[in-house]
Amino acid sequence: MKLRRRKCIPSCASHQRVDEDELYCNGKKRQEESACSHNSTPVISHLAQCFSNAMVGPRAWIGGFFNRSGNKKFGSDKYLDYTLTPIQEERLQSLQERLGVPFDETRIEHQEALRDLWSAAFPNVELKSLISEQWKDMGWQGANPSTDFRGCGLISLENLLFFATTYPVTFRRLLLKEGGKRAQWEYPFAVAGINVSYMLIQMLDLQSEKPKCLPGLNFLKLFEEEEDAFDVLYCIAFAMMDAQWLAMQASYMEFNEVLLVTKTQLERELSLEDVHRIQDLPAYNMLFH
């Protein structure tokens with residue numbers, strides 16, 4: 001990994017105490033805000049790079065964030081010994097296979113998926129090349145979006161594409177930052193989407209043989225009723241994150257906090273007794289606003 005200068009997104013520890021890194025970040029933020037009016041395009045690119053490096057790049061950093069705020073394992077053996085139904089087992093295995101697929105820019109089907117995402121996001125704009133500065137308009141770190149998938153793999157692209165094709169109105173509303181009072185320093189859409197995918201995978205404990213956390217168990221019940229439950233839950237989580245962003249009047253320095261609040265809210269909704277299908281989640285209606 002190449003050495004980088006200090007990043008402008010603080011670590012989780014810096015939310016609890018003020019230290020030299022936080023003072024440095026605050027100073028950098030003021031400098032960058034001052035420069036915004038002079039040259040906005042490099043700033044947008046820098047924000048996407050800052051998000052990508054801090055959240056999706058170093059796996060140890062991500063692991064640290066979610067380990068501090070992550071799921072507590074069941075304290076009772078009855079939960080640890082629960083048995084998957086045949087449908088749950090089949091669908092969980094299929095989902096876990098998807099989690100294991102890295103994005104490969106040399107594979108034709110992966111290239112086509114990227115092109116499909118661009119067409120869904122900007123239907124009236126031709127993509128000049130798979131490596132193009134145009135990708136920055138969607139909130140990727142640079143001209144080659146394949147470099148941003150290293151932290152989550154192909155499933156993060158599949159999630160974005162599912163969102164774009166299944167709930168196109170909401171997808172474009174979030175992509176174009178429509179509605180609400182927006183911050184001067186908005187989160188980069190695509191890179192934030194990758195982090196939502198990663199957050200769900202960790203929250204639901206999907207990389208274990210079977211989930212050993214309450215949100216994961218609750219999700220399996222929904223998964224049995226709806227084959228696309230994970231992809232729909234991704235769309236719900238993204239919409240919830242954007243709503244929290246607006247409610248908290250957040251800026252890019254506070255993205256970690258917004259994501260954590262979103263995770264907590266989603267865990268609560270999954271635990272509601274009257275939720276038997278993915279459509280029963282209260283936040284599901286956000287996909288149609």
Side-chain angles (χ1 to χ4, degrees), residues 56 59-60 62-103 149 151-163 165-167 193-241 259-287:
V56 182
R59 290 172 180 263
I62 300 179
F65 174 74
F66 284 105
N67 285 339
R68 292 184 183 94
S69 60
N71 303 316
K72 294 182 179 179
K73 304 298 182 183
F74 287 125
S76 171
D77 288 341
K78 69 177 181 178
Y79 291 112
L80 293 175
D81 292 337
Y82 73 92
T83 302
L84 296 171
T85 68
I87 294 179
Q88 288 175 340
E89 185 174 6
E90 177 184 354
R91 290 180 176 175
L92 179 60
Q93 181 179 352
S94 177
L95 178 56
Q96 289 175 334
E97 289 174 355
R98 290 174 61 193
L99 299 182
V101 179
F103 181 84
F149 292 117
C152 205
L154 180 64
I155 195 167
S156 53
L157 173 57
E158 293 176 341
N159 287 156
L160 282 168
L161 188 55
F162 180 90
F163 194 3
T165 56
T166 309
Y167 307 103
I194 294 178
N195 284 283
V196 172
S197 295
Y198 191 92
M199 181 267 288
L200 284 180
I201 294 169
Q202 299 302 305
M203 185 189 82
L204 302 176
D205 195 23
L206 294 178
Q207 293 176 316
S208 296
E209 182 178 357
K210 61 182 180 181
K212 297 181 178 64
C213 62
L214 187 57
L217 177 61
N218 291 332
F219 167 73
L220 288 177
K221 298 174 183 177
L222 307 183
F223 207 11
E224 187 168 15
E225 300 297 326
E226 173 63 59
E227 187 173 6
D228 293 329
F230 179 77
D231 298 275
V232 177
L233 189 63
Y234 168 85
C235 302
I236 294 172
F238 207 144
M240 289 173 67
M241 184 277 294
L259 198 62
L260 179 58
V261 172
T262 301
K263 173 179 175 289
T264 301
Q265 182 182 352
L266 194 57
E267 288 174 336
R268 289 172 180 167
E269 292 204 6
L270 285 169
S271 68
L272 295 175
E273 293 183 357
D274 58 347
V275 172
H276 306 289
R277 305 174 307 148
I278 194 74
Q279 294 83 0
D280 295 334
L281 291 171
Y284 177 75
N285 292 328
M286 298 177 69
L287 297 177

Where K210 and L84 come nearest, the two heavy atoms and their spacing
CB-CD1, 4.1 Å
Which heavy atom of R91 sits nearest to which heavy atom of F223, and what is that distance?
NH1-O, 2.8 Å
Determine whether T166 and C235 make a side-chain contact, defined as any pair of heavy atoms from C-beta on separated by less than 4.5 Å.
no
To the nearest 0.5 Å, how far apart are CD in Q265 and CG in L281?
10.5 Å
Can you name the closest pair of heavy atoms from S208 and Q96 and give their distance?
O-NE2, 2.6 Å
To the nearest 0.5 Å, atom CG of L270 lies from atom CG of L204 at 7.0 Å
So Y234 and S156, do their side chains get closer than 4.5 Å, heavy atoms only?
no
What's the spacing between L260 CG and M241 CE if we round to 0.5 Å?
13.5 Å
Looking only at non-hydrogen atoms, find the nearest pair between L287 and A239 and report the distance.
CD2-CB, 4.3 Å
Would you mind checking if E267 and K263 are paired as a salt bridge, meaning a charged N to carboxylate O distance below 4.0 Å?
yes
What distance separates F230 CZ from I201 CD1, expressed to the nearest 0.5 Å?
5.0 Å
Are the side chains of D228 and I278 in contact, using a 4.5 Å heavy-atom criterion?
no
Once the angle between the rings of F162 and Y167 is folded into 0 to 90°, is it parallel (under 30°), tilted (30 to 60°) or perpendicular (over 60°)?
perpendicular
Does K221 reach the side chain of E225, with side-chain heavy atoms less than 4.5 Å apart?
no
Which residues pass the salt bridge (charged side-chain N to carboxylate O under 4.0 Å, His left out) test with R98, not counting sequence neighbours?
E158, D231
With heavy-atom distances below 4.5 Å as the criterion, would you say the side chains of L99 and Q207 are in contact?
yes
Minimum heavy-atom distance between M203 and C213, given as atom pair plus value:
O-SG, 3.3 Å
Beyond-backbone contact of C152 with N159, side-chain heavy atoms, under 4.5 angstrom:
no
Taking all heavy atoms of A237 and all of L266, pick out the closest pair and write down the distance.
CB-CD2, 3.9 Å
Parallel, tilted or perpendicular: rings of F103 and F149 (30°, 60°):
tilted
CG on L200 to CZ on F219, rounded to 0.5 Å
8.5 Å
Near E227 CD, under 6.0 Å, is it more than 12 heavy atoms from other residues, nucleotides or ligands?
no
Report the residues that fulfil salt bridge (charged side-chain N to carboxylate O under 4.0 Å, His left out) with E224, sequence neighbours left out, ordered by chain and then residue number.
none
What distance separates I194 CD1 from I155 CD1, expressed to the nearest 0.5 Å?
12.5 Å
